[in-house]
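One structure is given here, and the rest of the page talks about it.
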Amino acid sequence: MRKGLFITVEGTDGSGKTTQIKLMEEFLKSAGNEVVLSREPGGTQISEMIRDLILDPKNTDISPLTEMMLYAAARAQHVFQVIKPALDSGKCVICDRFVDSSFAYQGCGRGVDLKTVADVNRAAVDGIVPDITFFLDIDPHLAIQRRIKTTGADRIEQEKMDFHTRVYEGYRKMALLYPDRIKTIDASKSIEEISSQIKLYLTEII
Ligand code: TMP
């Protein structure tokens, strides 16, 4: 029986998710919650192995459908091994990316049929839907420069700018489709301003 709170954080590469996730963790812990931090693709040994495979710059010949299924496979293991057990035991799970990333990147970015993305991921998530999702909204040009400057570029980040723009537009469309769950946060603001907006939403939900 699920009792915990499932929070996901989404956005294009370089949108500042990592910083905000750390601040969210501190905030939730200080309010007395047990918090589990995780990320996708990843979060379990098998899922991290799939992550290495997908993001390796050498693997340029992965087909869009294969890529989508690999992300979903990593997710299925993550849900099974980490997310479900943590939620069942009443913990707060903050996950850096979840199924919205597959709609934005594989569906809108790479053009995989959205119904196929939905069907495959329906199996992978096994009924788990985030209680709240923060979409860190920032111009993809700005975001990608920021990310490459700090950590270098992996295979996905080396994609052409029009790919990142399609991903960004995909997120914006999803935020309009699911306004109750997906909260759009202006990520061009200062770290403190972004964090206080997120905390307002978290206060409402916990
Ligand atoms: P990260 O750098 O935020 O950890 O994410 C790794 C990359 O994987 C990022 O470019 C987004 C991409 N990604 C997808 O394309 N589909 C997915 O379902 C997920 C979870 C990530």
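For ligands, and for the atoms within them, numbers begin at 1 and follow the listed sequence.
Residue A104 does not touch ligand 1, judged by heavy-atom distances below 4.0 Å. With a 4.0 Å heavy-atom cut-off, ligand 1 is reached by no atom of R39.
Classification of K58 and D56 as a salt-bridged pair holds, one side-chain N sitting under 4.0 Å from a carboxylate O.
Each of the following atoms of ligand 1 lies closer than 4.0 Å to a heavy atom of R51: 1 (P), 2 (O), 4 (O). Near D13, with a cut-off below 4.0 Å to any heavy atom, the atoms of ligand 1 are 9 (C), 10 (O). The R75 neighbourhood of ligand 1 comprises atoms 17 (C), 18 (O), 20 (C), with distances under 4.0 Å to a heavy atom of that residue. Of all the atoms in ligand 1, the ones that sit under 4.0 Å from a non-hydrogen atom of E40 are 20 (C).
Considering both main-chain and side-chain atoms, K17 comes within under 3.5 Å of ligand 1 through a nitrogen or oxygen pair. Every N/O-N/O distance between D96 and ligand 1 stays at or above 3.5 Å. Checking only distances, S102 does come within under 3.5 Å of ligand 1, N or O to N or O.
Annotation: salt bridge (Lys or Arg N to Asp or Glu O under 4.0 Å) contacts of D126 (sequence neighbours excluded): K84. In terms of the ring-ring contact (aromatic ring centres under 6.0 Å, His included) criterion, residue partners of F135 (sequence neighbours excluded) are, by chain and number, Y171.
Between the side chain of R75 and the main chain of F98, a donor-acceptor pair closer than 3.5 Å is present.
Closest heavy-atom approach to atom 1 (P) of ligand 1 within the set R110, E67, R97: this belongs to R97.
Side-chain contact of E40 with S47: a donor-acceptor pair under 3.5 Å is absent, judged by distance alone. With no hydrogens or angles considered, a side-chain donor-acceptor pair links E193 and S190 at under 3.5 Å.
Two rings, from Y105 and Y71, have their centers 6.0 Å or more apart.
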